[in-house]
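So that the names make sense, note that chain A is the first sequence line, chain B the second, and so on, each numbered from 1.
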2 protein chains.
Amino acid sequence: MDSKTKNRPQTPPPDGGRPTLKTIAFMTGLGITTVSRALKDAPDIGAETKERVRLVAKQIGYQPNRAGVRLRTGKTNVISLVLTLEEEIMGITSPMVVGITEILAGTPYHLVVTPYSAVKDALAPIRYILDTGAADGVIISRTEPHDPRVALLTERGLPFVTHGRTEMGIVHPYHDFDNERFAYEAVRKLVAHGRRRLVLLEPPPHLTFYSHMRAGFERGLRDFQADAVSFHQTNIDHSLVEIRDAFEVLMRSEDAPDGIVSGSGSGAIALIAGLEMAKKKLTEDCDMVSKVPSDFLRWLRPEVMTMYEDIRVAGRELAKAVIGHIDGAPAETLQSLSQPEFQPPIIRGLRA
Amino acid sequence: MDSKTKNRPQTPPPDGGRPTLKTIAFMTGLGITTVSRALKDAPDIGAETKERVRLVAKQIGYQPNRAGVRLRTGKTNVISLVLTLEEEIMGITSPMVVGITEILAGTPYHLVVTPYSAVKDALAPIRYILDTGAADGVIISRTEPHDPRVALLTERGLPFVTHGRTEMGIVHPYHDFDNERFAYEAVRKLVAHGRRRLVLLEPPPHLTFYSHMRAGFERGLRDFQADAVSFHQTNIDHSLVEIRDAFEVLMRSEDAPDGIVSGSGSGAIALIAGLEMAKKKLTEDCDMVSKVPSDFLRWLRPEVMTMYEDIRVAGRELAKAVIGHIDGAPAETLQSLSQPEFQPPIIRGLRA
DNA sequence: CATCGCAACTGTATCGTTACAGATTTGAAG
DNA sequence: CTTCAAATCTGTAACGATACAGTTGCGATG
């Protein structure tokens, strides 16, 4: 066979299978390499040729074989969302996944969900991804001030973004909710309602946003002259029953607070239950501000003042940031903080 | 070079990279083919050789390159979860994803989330997966009696499982919640509470479980001698505001029901709001049974009687079923129905 | 009319794996 | 001492894509 045309498929590729570069090469009479480079808009391919190739590719619905690309180039076109199985409790995964996929829909990226179970295993999925080259970028949450995952990913140069910030002197992409301001504004609001003895249902101390929320809470106490009621033994990672029971005890004590800042929506539910078990009533004995990821609380307990953390938007921001990181944008430009705002109450009139 | 050893790597594969069959071949002095077959436990490889290969493979942490396998064999080791972006509202995705990944964790499968937006596009992601060979198996939900996705997947022979049943004479794997029985038991319970004028907040009519739930409801009405109050213009896919407003009108009318069966947890929230806007009270003017995917309602409105649909378990069942289908198990053995049960009320005493 | 540079295109090798068709060795049967 | 079969191992080609190092043709330059 003439070596000049060895790269040109002589037989029409078997029909029924999906089109490959070979198919296009056969149809256009070009070499496979040329077709490949034409589709990449390489500078050494003629303008008219590119046009022809693009047209044929579109006509037959050519889509590059992911395995081929991945094997040759190492590019996986995968973004990995790393989740704790326990994260489910907060019901946060749904809108997050939706937000991420909204952004990925316009790209060649697929979203792979990579779970891990115990907290001590948090590094395991990261190692897996690094070792097997399973993804081009990673999204992690439940960020800690000194997060070994961030250290490892940075060291190995795999693009990532965190949901939450770190404090380790590494500049990396992140998206976060401004929990400092949330707690600060919550205190302001409660004081405006005449509340002075405030309690905070806080995040677990090892997560970064613990200190943010505490800082905002304490700054609020100082600025608006209120007092803290201690509730440190309990945090939003505890079970609803634990939170409820601990809070009932507190509400029955001498030390009972008259204002509550809840760092989580489900925590708020447990606090309300504890409060009611102690025969106290919202708005009468106590006011409450809660961060919420959904509308449930507002509908069922409109007397709770809520600040909405839009997880879907967070998912979008995170997705944009990883992709930006993959594309080489500087990390400083891939950081965002979403500002809390109080939600208007649900309108209880007809045709709202 | 001696052709006898052409397949044996002569140079130690560059360190730092991840191990491949070549690495093991070099270390054991065997051919690449032999190593491949040894790891697959092929019958034509000696027992001792297999042992040696396995040992080395384990020692160096060999994991087959997914792109290589996929390119050569077409096996993707991917399960695709096909979701509506709108599904988020029900907050059902989180526990579903968790359940699925729990099962996949023990397998080589990864979970890829493939979304679609409009209802009319429901076929688009399926076509994409079929055309690009993106997955070995598919999980779909929001099943319809005559579901074109099921038809297409069956025709093209791609293993799948549905969350919900179909009525098209095709035997395929599914997992479903017994909505017929749910509604039936709900009616029984309401009648036992002295309620006789019952309303059903039903699923949208095009989904299969609409007729299941209606059938159970109507069978209950007959068996327990209660009457239906019409509320057909509204269903669980409508917005909370729409449901609330429509229900307020109903509750203010002559025709007001005294018992409610709610086909969804978030729908129940809207119904409660509508009821309260009509100045009616739960347990006094009206009782309610709702299907719920989480604990929120039980905590905040313990007076609602609930049947828990465990989505996490559903995720597990679905994952097991697709894998079973991929492995060639007969579809009849991959069908399961989860039975509803009333939940005990939240215990409102200390140390529950 | 060589020679050179440039534009446009192409072949080969390779990524890691597996299907397939041998190849070699060993021991037993004839 | 052949012959054969079984047991064990191996090389080659291919999956689809791309990096790299050419090759070809052609007009401009000296």
Between [N] atom [atom2] and [X] atom [atom1], what is the distance in whole Å?
X: A:Leu39; N: D:dG16; atom1: CG; atom2: P; result: 16 Å
X: A:Ile24; N: C:dT10; atom1: CD1; atom2: P; result: 14 Å
X: B:Leu30; N: C:dA23; atom1: CG; atom2: P; result: 20 Å
X: A:Lys22; N: C:dT10; atom1: NZ; atom2: C1'; result: 16 Å
X: A:Leu21; N: C:dT10; atom1: CG; atom2: C1'; result: 14 Å
X: A:Arg70; N: C:dT17; atom1: CZ; atom2: P; result: 12 Å

Donor-acceptor pairs under 3.5 angstrom involving side-chain atoms of residues 25-35 of chain B: please list them, not counting sequence neighbours.
unit_1  : atom_1 : unit_2  : atom_2 : d
B:Thr28 : OG1    : B:Ile24 : O      : 2.8
B:Thr28 : OG1    : B:Ala25 : O      : 3.4
B:Thr28 : OG1    : B:Leu30 : N      : 3.4
B:Thr33 : OG1    : B:Asn7  : ND2    : 3.4

**Report entry** Any N/O donor-acceptor pair, A:Arg72 side-chain to D:dT18 base, under 3.5 Å
**Finding:**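 Donor-acceptor pair under 3.5 Å: yes.
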Report task. Evaluate the criterion side chain to side chain contact (heavy atoms under 4.5 Å, CB included) for residue pair B:Val150 and B:Phe160; output intermediate values, then yes/no. Result -> CA-CA 8 Å; B:Val150 170; B:Phe160 67 97; 3.8 Å; yes
Query raised in the report: Which comes earlier along DNA chain D counting from the 5' end, the contact point of B:Val35 or that of B:Leu71, where each point is its nearest nucleotide?
Result: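 Nearest nucleotide further toward 5': that of B:Val35.
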Query raised in the report: Hey, which of these two, A:Arg37 or B:Thr34, hits DNA chain D nearer its 5' end, going by closest nucleotide?
Result: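 Counting from the 5' end, the first nearest nucleotide belongs to B:Thr34.
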Query raised in the report: Which pairs pass salt bridge (charged side-chain N to carboxylate O under 4.0 Å, His left out) with one or both residues in residues 318-336 of chain B, sequence neighbours excluded?
Result: B:Glu317-B:Lys320
Query raised in the report: Judged by modelled atom types alone, do A:Thr154 and A:His172 share a side-chain donor-acceptor pair under 3.5 Å?
Result: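 No, A:His172 and A:Thr154 have no side-chain donor paired with an acceptor closer than 3.5 Å.
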Could you tell me whether the phosphate oxygens of [N], OP1 or OP2, come under 4.0 Å of any side-chain nitrogen or oxygen in [X]?
X: A:Lys40; N: D:dT18; result: yes
X: A:Thr73; N: D:dT18; result: no
X: B:Ser36; N: C:dT17; result: no

Would you please name every residue forming a side-chain hydrogen bond (donor to acceptor under 3.5 Å, both in side chains) with [X], sequence neighbours left out?
X: A:Thr76; answer: A:Asp136
X: A:Arg149; answer: A:Asp147
X: A:Thr101; answer: none
X: B:Glu102; answer: B:Arg312, B:Arg316

**Report entry** Candidate nucleotides C:dC9, C:dT17, D:dT10, ranked by approach to the side chain of A:Ile45 - the nearest
**Finding:** C:dC9
Report task. Using a cut-off of strictly less than 4.0 Å between a heavy atom of the residue and any atom of DNA chain C, enumerate the qualifying residues of residues 46-69 of chain A by number. Result ->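 DNA chain C contact set from residues 46-69 of chain A: A:Gly46, A:Thr49.
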Report task. Check every strand shown and say whether B:Thr33 touches a base, only sugar-phosphate, or nothing at a heavy-atom separation below 4.0 Å. Result -> base
What N/O pairs connect the protein and nucleotides 4-7 of chain D at under 3.5 Å? Give each pair on its own line.
none

Give every donor-acceptor pair under 3.5 Å between a side-chain atom in residues 64-72 of chain B and any protein atom, sequence neighbours left out.
unit_1  : atom_1 : unit_2   : atom_2 : d
B:Asn65 : OD1    : B:Ala67  : N      : 2.7
B:Asn65 : OD1    : B:Gly68  : N      : 2.9
B:Arg66 : NH1    : B:His110 : ND1    : 3.3
B:Arg66 : NH2    : B:Asn77  : O      : 3.4
B:Arg66 : NH2    : B:Pro108 : O      : 2.5

